[in-house]
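Have a look at this one.
Here is how names work: the chains are called A, B, and so on, in the same order as the sequence lines, proteins then strands, and each is numbered from 1.
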Amino acid sequence: MTNGNQVKSLTGKKHNFGMVIDVDRCTGCGACMIACAVENNVPPGPVDATDRTGITLMRVYKADNGMDFPDNESVFFPVSCQQCEHHPPCVSVCPQNAVEVDPATGIVGQIPVRCLGCRYCMAACPYHARYFNWWDPVWPEGMERSLNPDVSLRMRGVVEKCNFCFHRLQAAREKAAAEGRDEIKEGEYIPACVESCPTSAMTFGDLLDEGSEVYRLAQSNGSFRILERLGTGPKIYYFSEREWVRNIAEKDPASALKRGATTD
Amino acid sequence: MANGISRRDWMKLVGGSAIGFMLTPIPWKILDESAKWTQSPSFPYGRQREIQIHSNERISFSHTTCTLCPMACGVRVRCASERGRGSLEAVGITGTKGHPISDGSLCALGVAAIFLRYHPSRLHRPVKIIGHGKFVPVSLDEAISDIARAISRSSCESVAVLDNQPDRAISHIYRKFVGELKNGFYINPPTCDGVPTRLTDQTLHTGDLAFGYDVNDARMIVSFGTPILDGWGTQRQFASISEARRCGGDKKLKLIQVETAHSRTAQIADEWIPVRPGTESAFALGMANVMVRERLCNIDRLRMYSADFDNAAGDSFMKLIEKYPPAYVSEKTGIPADKLVEVTREVARRKPAIVMFGGNPGSGPFRLDEQLAFMGLNILLGSIGTKGGLKPRGKLPSPYYGLHGSDDSNHLASMKQLSDIPDGSIGVLIMDGADSGCAIPWETVERKLSPAGHTIVSLAPYLAGNAVHADYILPSPAYLETADDVPTPSSATVASYSVVSPIFSAPKFSVRPNGFINSLAEALNIRRSSRSDFSGMEYILKKRVEKLHSMAKGNVFNAETGRSERLSGLSLPQFLERLKKGGCWIDDGPAELPPIRYSFLGGTHLPRNNVPVQGEGNNGPRELVLLPLGTRGVLTAAQSNPIMSKLYQESGLRMSANTVSVNPSTGRAAGLKDGGKARVRTENGTAYVMVRFDKSVMPGIIQASVVPLTKSPDRAEPKIEDSVIDICKIDSDSTWRITNAMIEPA
Amino acid sequence: MLPWVYGFTWQTGNIIFLSIFYSVVAVILGSFSIAAIRAFRDLKPDRLDEIRWHFDFESLPEFAKVCRHAFTGEVNQRVCRNGFDCRTCKVHSKITGVPRITKSVYSEGEIPFGLKISANCLYHRGHTWVRVESDGTLTLGLDKLAEGLVWSQCEADLPAVGTRLHVNGTGWYFRKEASRARVLSPVDGEVIAVGGRKEGFYLKVNPGNDSDLRHLLKGLEVGPWMTSEVERLEMALGASDGAVSLADGGVLLDNIAANYPEQGWEDILALMLLES
Amino acid sequence: MDRNRNNGTKDIRLVARGVNRMPFGKFLYLLVPWLIILAIGMYAIFLCLAKGLNQTNMDNRFAFGVWIFLDLSIIALGAGAFFTGFLVYILKREELRAVLNSAVVIGFICYSGAILVLMVDVGQPLRAWFTFWHPNIHSMLTEVTFCITCYLVVLSVEYAPIVLRNKKLKEVPAFLAMQYELHRIMPVLAGVGTFLSFFHQGSLGGLFGVLQGHPFAFREGLAIWPTTFFLFIISAAAAGPSFILLTTWIASRVSRKRLVSDNVFALLARISGSLLVVYVMLKSIDTLTWLNRTVPSLGLSGIGFFLWAPFNIWILFAEIIVFGLVPSLFLLFGSGRLRTGWLVASSVMVCCGIVLNRFVMTIQTLSLPTMSFDRFMIYTPSWQEIAAFLFVVAYGVIIYSLSFRYLRLFPQEIEMKVN
């Protein structure tokens, strides 16, 4: 995870990177989660790690229509950092400016080397998309030789999260610069999760570019965002043709209880 | 001090300059710099200081083909060369863009496979297992002479090779080797992906012509327990299903999942038909009943092309399905009769429709008699050989003989199924290290072993899966180190061929399977002709590619350019080069379908008048049905890759090992608690599991996840506990779909 | 944090926040430094005595700080707030200006608990008496109560001749082994002679020109004061579970200190000598 | 009776004059359990520092656990220090001098304990200074960090003269002079302390009030602060005196002495009670506004937050009525009439109410799901967390006991013997 401020856009052209995830296509295979962990040098979970202490910068959640057998229908929501663009809750709470929004790209970057691990940002994030390094990063013997050289490791005791594979943007910019181009081309920079999705459920691009696929999808009828009502302006859009799926995004979590289900 | 400077003046000077210095940015800048220094990751503690990441200065890309399952996905490996050391290291894996089979996508296993070379359970020398998880190193020569001795000793028993990925070059070597032995068997375990050739042979009389599912053109898929949205088939088929489900209008694909378990596919299918355990075939026959009764199929044509569709002899298909009127099927399956009728009508209307019946990798394939019912449905739907149905694919040449056979083919052992082997007959079993993608409960293999004593050799690189039951493990080269080839995936309708060239040289300790077979043949003094040399994978592969080249049809994908060319336009060296660099040959289209006659009740097989319905009847008071569920690569090292903890352990995406889901009502009736521990007992043993309450699971079902234990900190697995799959009841035909079980709090 | 540190911006909020922070730090450090500098300057014997008395007086319980005029009934229940220095007390000057109405139960010279009060002596609340000699010098000594309390076999650090004494400053010390008791000086002035054990520990002091002895107790005040002091002593002894008790209304034991372990006794003595 | 009670103790030279303390042996004997807890707590803290926070049961969801709850609670309870100082030095309520020293010690214990736990709670304690070096002034936590650190310095400076007045220490002239001079600047420090306390008590409330991602905690703002900012200030100011009352009573019961006059108790009760009445009123208004305005504007129903067992509606009822309104009325109207026991019981309820409020803000906030496919989660602290928690309690008890024994926490103690 590299400091979000070091490679600036060559021409200073403003981007606003975002993603649209077609949840009707997502099969919950988890390739994005693995690709993310491999790309970002996230260590395998220690023996004691659980779904509550593990680090999955991208996590696929299962949601359902709340019905019992046999009417139950499910949908999978890949949830990473939602890259909020309007007052990201995590940015203003960080006491030492370890979370910064890159104005050139709109990417909310975490600077783990400045993080002291107070975890206030984690409490602030409504998407639970921030993860704490509860353990030292450890790989089985030899496995660290296969780590991604573009991404530095995070130490124990700091928070990390998805940064849209910012190092890939840097690499793309470097490549563009080497080829004498001012700007990267569309599709030249995509995060690992998008790249790995076997059903192409994820579309990534510049939300400011009205010609881009991601813009078209984000503006389309079936697109929605999770917890849009909180006003944080997440830049990860979801897409579904099914109404009940779209309703999940804003559904009151307690609505299941009102129907008489038990907690947990 | 008359005119000198007093001490007081000195102090003033020093103090003043100190204050002045403080007012300059210098001290603060120093502080800030030290602040930045402490922010470097190596400060102040942690083991990450020891972790050296490769430099990203020299990055290169290599293309190859994934060998983790038979699906032949194209893989692009990002390599970094370490400065000073000069050694290459894989630092990233993605799919090969434009690849005719995978088109740039990989499954979770494939992405995680970058770490497989450093899998904690990888063996670093040939070992001899002396007890559960305990082993001693053994030299290769010693092992070979032991094995050779065992082979020569077993005169009454047979020598068998269990090959999970048939039709590879090495498979032909195995067959050749086994064919040289007087009592050799070459065995393929059950798989869940394709249409079993045995089934098509019996129902369509097409011999060894293999069929695949043409899902690209289907508009309706009725899947009987096949995990088609959870790791089934090739990535291209998978993506095509996803794409077709998405698109609107006429082309929109509807997916109906008929399955007891609330599997991943059942969760996201367009419709889930939760039949009672073991009644999938009854449902299929019910559908057939409706189709015939409502004339939704061309009955006259069927009568014409089939001897046993409707005849006076009494064992005709018509007779069989007469016993399955909707009311009866409804009673058996728990699905309302009108639902059955409605579904059948929709399936018949919405053509092309296809009925898939591979089975789940955790619970294995269906029994042959059940498969007959599904196949019958396909025939009724007219899906045989048509667009969007079951299509035959072309064959690949063997390295030893051409497509149309030669003398040498006689020396190859015939391909047998596990169920074909008599129980207690195998004296020496050689297990190849590749994976079929489907679980093989050890008991299915174990019951074939000679009770008088047996020797098991595993060629797996890892102490994982069924290799733990071996006596000798001769670790073969691991992923990205192995030289191999990948034939057509069994679910595909078009033949394809890829070569796997090693990107990294295999470590010295590793045992190449062909080398092992060669040494073994030498030790056994098996006569070798020039063409039956087992050594030199390079040579064998070249032979095969040569034969393929001579067919002069199809396209060749060039992984480096991402484009395809006609094979006819390529010279042999060019073709070989393309294949070696992650390319792929793909046939022009499905094979020609010979004129066929249908045999609904399975040719030589005794027709069954009544498909028995399992999982009902003599259930005890608290007797439930255990349904093992898994995904591709269950119980293999690829699934127990440490990074897979992201899916199994660190998120709720997939249930971790030995976790069972039960309906809350079932769970409470058994006195269980959500999140609590429980004991599952079957006639085969007891497994300790974690219980999850899931209101979407059918009451009366124990839906168990079959996953390798995520990882053990030691290289050796500790005491191997019974996992759910170990306690499943194995039928005589080596299937294990349904097991009656009891569950109680532990 | 500072303009040249990474992350600093010239935003209004930032400037306000940091200004407030720096002000707070400045106030804390500033006031602490002032205290430290003042404390450094205070390290002179006279000033220390002043501080010590200030502290000792502040620590006295309310009932030990009863105003002398409350003893005589001139005022009701008044507690001294002026460090027993009536010379600068407005209340004192006001009260002494009007005729006395006394309600003391003791007449002059009477002896509660058998303690002798000398009529021609002025008493300081630190249990010393002052006798104005005919030559204008002052003689100071311990009163009977204190005499009874001081250790029998003790030494005294009497001030050297020429030492200047200050009211409520250190008069002299009694010392026995590790224990020590300070006698407050009742008057200002220069020591011109000292008397040792045989003479009964006294100092002769030349008060200088403007000798102001208004703060010393005299006449009808002494009896009630002494009575209250005896009560205080009784309480102090009682607090330590009365190794020695005073016979009710009887005679104060001679040398009760002898019957009391030294360590604990130091505290009782110090309390009676107004040391906290 | 042991006739030489004070004399048997070896530390007699350190004990203030005119008061009596239990024999040293007995004192030590009573401290032993606390010392054991302290040792266990130290081991737990060592584990957390050496092995990392995986020793706790906190997780990515419960990023804040029992420690933050503890911090919030003890900082609220320690508010008595600033509030008493404010009343004595700024509002000149001299009666409260009787408990001022004790309040300062309590404040010092609470704040130093809170900072100590905070240092264990962060993942990289060695980087704690980054907050000062790269402060993000928009963060409530920055405000809290700055204010708490400054206020701990203030409290240390306030505590210093109390220590320096120890019988033995004051014999050193420099100490004597220092305590005197420190005492003189005390009004300034009390003022600064009040200022800092207002801000950090408020910011601690703001910490949760600003969480727009957690509608359960989120409150709309007055000026730049959410309403919790102000509620926390008032509730802390109300709880502080109650806690002083409580600790004074406990100290007096344990030492079997009267330490302050009854009217001090009554005054503390009256102050606490009246502030609490105001707090309960404002809290009720705030809760109603939140339920009827804030939450509906986010598309949720307020009652939905109280459907998750075990945190049902009772918790709101308990917080506002049982532990809020009831004790506030007792304290306010009973201060002159009721016996001390009643006041103490009410104070306990007040403290419980404040602690419950902090619990709701920290633990309940995090346990509630935000997304509809979230789970409701419960968290059980690990033994290391409990031990570190108890470490602070033991540390407080020990510091307070030592202070009580060797320093003059209650100037009225000698006088109280007379009555």
Identify which part of A:Leu227 has an atom lying under 4.5 Å from any heavy atom of chain D, answering side chain, backbone, both or neither.
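Contact with chain D is through the side chain of A:Leu227 alone.
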
Can you say whether D:Phe311 sits under 4.5 Å from chain A via the side chain, the backbone, both, or neither, judging by heavy atoms?
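Contact with chain A involves no heavy atom of D:Phe311 at all.
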
Would the distance check show the side chain of A:Thr53 and the main-chain N or O of D:Asp59 forming a donor-acceptor pair, the cut-off being under 3.5 Å?
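No, because the side chain of A:Thr53 does not come within donor-acceptor range (under 3.5 Å) of the backbone of D:Asp59.
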
Between D:Gln212 and A:Pro126, is there a donor-acceptor pair closer than 3.5 Å when you use the side chain of the first and the backbone of the second?
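Flag not set: sc D:Gln212 to bb A:Pro126 has no pair under 3.5 Å.
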
At under 4.5 Å between heavy atoms, what parts of residues 76-86 of chain A are in contact with chain D? List them by residue number.
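Near chain D, by residue number: A:Phe77, A:Val79.
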
If I measure from the heavy atoms of chain A, does D:Leu207 come under 4.5 Å with its side chain, its backbone, both, or neither?
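When you check distances to chain A, atoms from both the backbone and side chain of D:Leu207 fall under 4.5 Å.
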
Expected output: side-chain D:Asn136 to main-chain A:Val91 donor-acceptor under 3.5 Å
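Yes, the answer is positive, given that a donor and an acceptor are paired below the 3.5 Å cut-off.
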
With D:Asp121 via side chain to side chain contact (heavy atoms under 4.5 Å, CB included) - residues at least two apart:
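Side chain to side chain contact (heavy atoms under 4.5 Å, CB included) list for D:Asp121, sorted by chain: A:Arg119, D:Met58, D:Trp67, D:Ile68.
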
Which bit of D:Leu53 comes within less than 4.5 Å of chain A, counting heavy atoms only: side chain, backbone, both or neither?
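Contact with chain A involves both backbone and side-chain atoms of D:Leu53.
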
Keeping D:Arg127 on the side-chain end and A:Cys115 on the backbone end, is there a donor-acceptor pair under 3.5 Å?
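Looks like yes, one N/O pair under 3.5 Å.
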
Taking A:Tyr120 for the side chain and D:Ser139 for the main chain, is one N or O donor matched with an acceptor at less than 3.5 Å?
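Pair absent, no side-chain N/O of A:Tyr120 close to backbone of D:Ser139.
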
Proximity breakdown for A:Leu230 and chain D, heavy-atom pairs closer than 4.5 Å
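The answer is both parts of A:Leu230.
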
Please classify the contact of A:Cys118 with chain D as side chain, backbone, both or neither, using a heavy-atom distance under 4.5 Å.
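Looking at A:Cys118, backbone and side chain both touch chain D.
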
Could you look at D:Thr56 and say if it's the side chain, the backbone, both or neither that has a heavy atom under 4.5 Å from chain A?
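For D:Thr56, the contact with chain A is made by the side chain alone.
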
With distance as the sole test, does A:Asp252 use its side chain to make a donor-acceptor pair with the main-chain N or O of D:Gly299 at under 3.5 Å?
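Checking the backbone N and O of D:Gly299 against the side chain of A:Asp252, no donor-acceptor pair under 3.5 Å is found.
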
